Amino acid sequence: MGTAEITNKLWFGTFYNGLTDCVNHLLCKLSCFCAAVLISQKPKKEEAEHPVTTKKKSKEEIEAAKALKIKKKEEEEQQRWRWWGLFVFLYARCVGGGCMNLFMKERWEEDKYEDGVKWKFLEHRGPFFPPEYQHLPDNVNFYYNGKVVKLGLAAEEVALFFAQMLDHEYTTKDVFRNNFFKDWRKEMTLEERVLISDLNKCDFQELHTMHKEKVEARKAMSKEEKLVMKEANQKIVEEYGFCILDHHRERIGNFKIEPPGLFRGRGEHPKQGMLKKRIQPEDVIINCGKKSCIPEPPAGHHWKEVRHDNTVTWLASWTENVQGSCKYVMLNPSSKLKGEKDWEKYEVARRLKSCVNGIRQQYQQDIKSKQMETRQRAVALYFIDKLALRAGNEKEEGETADTVGCCSLRVEHITLHDLLEDKECVVEFDFLGKDCIRYYNKVPVTKRTCLLNKHLSSLLPGLTAKVFRTFNASITLQEQLQQLSNMTDNPTEKLLSYNRANRAVAVLCNHQRVPPKTFDQSMANLQSKIDGRREQLALAKSELKLAKKEVKAHSSDSKLQAVVERKKKAVQRCEEQLMKMEVQATNREENKQIALGTSKLNYLDPRISVAWCKNMEVPLDKIYNKSQRDKFAWAVDMTGADFIF
DNA sequence: AGCGGCACTTAGAAAATATCGG
DNA sequence: CCGATATTTTCTAAGTGCCGCT
């Protein structure tokens, strides 16, 4: 590589990255200004095009709405921070020479901020607080032992939390009820506490009914009312939902403070039903840039603390009272901070690809090791790799539901069979994993923890137990897509193949869901639709036959010929619709207990999917919705059809 | 060297919204 | 256009992994 070229790149790198603050800032301001002008002009335009007849207006309105949508899209696209731009640029220039992964990658790493620094400038409005609780209307009553009891504000609010959940299974569980009652009593006045001593004598029915009515009323709102609500919400998002990070406006993920309520732990959680208390500004730590405006706390309040820590990515945090854990306000997945990290994750997984064979050989060896520790490590790694189990960190006993991962499996979770269902040496797993999802699997094995991660990172920098899940998920997707999809398939079949590949990964990672309550019913509905369509098709076919006969009889009458054509089209349309529905039925049936979203969002290198779409000529929006396209914008932008994981 | 806590990713449920088909 | 159903978004719990402290 010539010196001139290097110099050139370095210059560009410096230029791009260091682009003096004021110039960069100016550009940013300019683009914001332009957007503001465009927005402020829009209503005027619509007004100008106003009058004429109602029918025409509505048509025009539709057109205008469409144009507006496109414009908005373009604007968004223009405002998108293409933080991966330098990489793509350099890669494009260098890929011919094949030097990218060494020289340029290093250059790229160097250009990032110094160790641990995540940003230089960060400004935001602080989190958004839920509204204060308002007393119940006078005609809605809580009864104790059959008598009306007017509760104080605090106790009433908590009573309503319980009342709202009355339809939920939670409220029938002893643990939930006991925890709730204990915490509820803490919120009562002395008088209330003396009176209310038995949850079974509490009647929340009126509160429950009121809540349900409110929900119904919200559903039944007129279009106009809904629009008003929507606009009000958008205003909140506009104000609190964004921050400025290093000159770019970025969407915040969860800018709303979690409202108070009853803790809904998963599975047999010992703390379910406990009161999750209301968070005050006095509980909240704000994190922002030193030079930025400090967000204003709600009137009459102050923040717990304001700090300027640019080695972390959160904008605000508070400690939650049920588990004592920290909650954070962080950026949306489409942001640079999240996207870059995501990209990095997949790069580590790809690096594993080149050395996974060696690692596998080694743990097979280590399984025979004389040292107990080495042997245990090897077995754990074997299962993490083969079954995509999670690492299984230690948890405090009694504080959470009893769930395990690979390194925390206990004897009772495993049964060893010398022979099971014709297979030798079978390990039977049965345990509750993350979110209390049951893992059940029978695995034939061949005859012959923090320590684990340390060992892994010595094999490959950045390698940890969870990388195996990412790696095996992504590589499985790639292989399955390769095996299942054909260029000659129609679009519907192609999508089925994609879903099946995705499904293979979800099964591997044990991503489950409870089948929707309406599943059987909706399946039956679809089936009857299919049957109906079949009959229709048969009818259309016989009609076509008849029409053809007619043509033959009356030697090529042009009118009759046209009828035949029409009938042919009808048959075709019918066949297409039938095929679509049948594929839909297959897909839905196969998806009954499987959730695809988690793997798509967290485990599958998006570049595999983008490349597949390009190769198969499938539009990207068939497999990624808007927020997925936003999250993976970096991959969409930089990936060609030739990408291989 | 072991542990507790902090920061961040991953997860399924539920709510909200869009789409479909009669 | 309207209700049922499907999809998307929101919500927040539940994991992983590492760092700094003792």
Side-chain angles (χ1 to χ4, degrees), chain A residues 116 118 165 168-170 215 218-219 223 226 229-230 233 237 241 253-259 261 263-267 269 271-272 276 285 287 309 311-314 317 319-320 322-328 330-333 337-338 341-342 344-345 390-396 399-401 403-408 432-437 449-454 456-457 462-467 469-470 473 506 509-514 516 518-519 521-523 525-526 529 532-533 577 581 584 587-588 591 593-603 624-628 630:
Chain A
K118 307 282 168 54
M165 290 180 72
H168 205 291
E169 200 200 336
Y170 270 125
V215 170
R218 187 139 31 104
K219 268 192 211 157
K223 259 187 184 169
K226 277 183 184 165
M229 292 280 280
K230 202 177 167 187
N233 273 331
V237 172
N254 57 328
F255 59 90
K256 287 179 179 160
I257 294 281
E258 292 173 17
F263 179 73
R264 298 155 92 114
R266 311 259 166 89
H269 197 117
K271 296 191 172 182
Q272 64 188 105
K276 196 169 104 167
I285 303 173
N287 191 33
D309 182 355
T311 67
V312 296
T313 65
W314 51 269
S317 74
T319 303
E320 156 268 354
V322 176
Q323 319 227 53
S325 67
C326 218
K327 300 267 188 174
Y328 300 93
M330 287 188 192
L331 296 186
N332 185 277
L337 243 28
K338 296 286 185 194
K341 200 83 186 296
D342 207 34
E344 220 173 273
K345 173 181 77 185
R390 293 186 188 84
N393 282 342
E394 274 167 50
K395 341 180 17 182
E396 225 167 314
E399 292 294 302
T400 60
T403 62
V404 295
C406 187
C407 297
S408 46
L432 295 181
K434 184 177 180 181
D435 294 307
C436 288
I437 297 295
T449 41
C450 65
L451 294 172
L452 184 65
N453 275 343
K454 223 178 238 172
L456 289 175
S457 69
L463 187 60
T464 62
K466 80 197 267 281
V467 178
R469 258 169 96 81
T470 311
C509 292
N510 201 35
H511 291 145
Q512 299 188 30
R513 60 165 189 169
V514 265
T518 54
F519 186 88
Q521 184 56 52
S522 89
M523 216 56 211
N525 289 352
L526 185 60
K529 259 192 225 163
R533 191 66 76 178
Q577 281 169 335
M581 284 197 290
Q584 192 189 5
N587 196 38
R588 208 190 288 176
N591 239 10
Q593 307 194 59
I594 298 169
L596 300 186
T598 302
S599 52
K600 202 183 227 182
L601 229 47
N602 301 301
Y603 288 105
Y624 283 150
N625 65 35
K626 175 81 171 79
S627 36
Q628 289 162 344
D630 280 348

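On a predicted model such as this, the values are computed, not experimentally measured, just so you know. What's counted below: heavy atoms across the whole structure, side chains too, no hydrogens, waters or symmetry copies. In what follows, chains are A, B, ... by sequence order, proteins preceding strands, each numbered from 1.
- Both A:N625 and A:N525 sit near DNA chain C, but only A:N525 has its closest nucleotide nearer the 5' end.
- Taking 4.5 Å as the limit, every side-chain heavy atom of A:I594 sits out of range of all side-chain heavy atoms of A:Q512.
- With a 4.5 Å cut-off on side-chain heavy atoms, A:C407 and A:L452 count as touching.
- Contact annotation: A:H168 reaches the phosphate of B:dA14 (side-chain N/O to OP1 or OP2, under 4.0 Å).
- Atom-to-atom, CD of A:E344 to P of B:dA7 comes out at 19 Å; the value is rounded to the nearest Å.
- Side-chain contact check for A:R469 versus A:R390: some heavy-atom pair is nearer than 4.5 Å.
- In summary, contact between chain A and DNA chain C, defined as any nucleotide atom under 4.0 Å from a heavy atom of the protein, begins and ends at C:dT5 to C:dC18 in the 5' to 3' direction.
- In this structure, a donor-acceptor pair under 3.5 Å is absent between the side chains of A:T313 and A:K338.
- In terms of position on DNA chain B, the residue among A:I437 and A:T313 whose nearest nucleotide sits closer to the 5' end is A:T313.
- The aromatic rings of A:F263 and A:H269 stand perpendicular to each other, their planes meeting at an angle above 60°, with 30° marking the opposite boundary.
- Mapping A:E258 and A:Q521 onto DNA chain C by nearest heavy atom places A:Q521 at the nucleotide closer to the 5' end.
- Considering only side-chain N and O atoms, A:K226 lies nowhere under 4.0 angstrom from the phosphate OP1 or OP2 of B:dT17.
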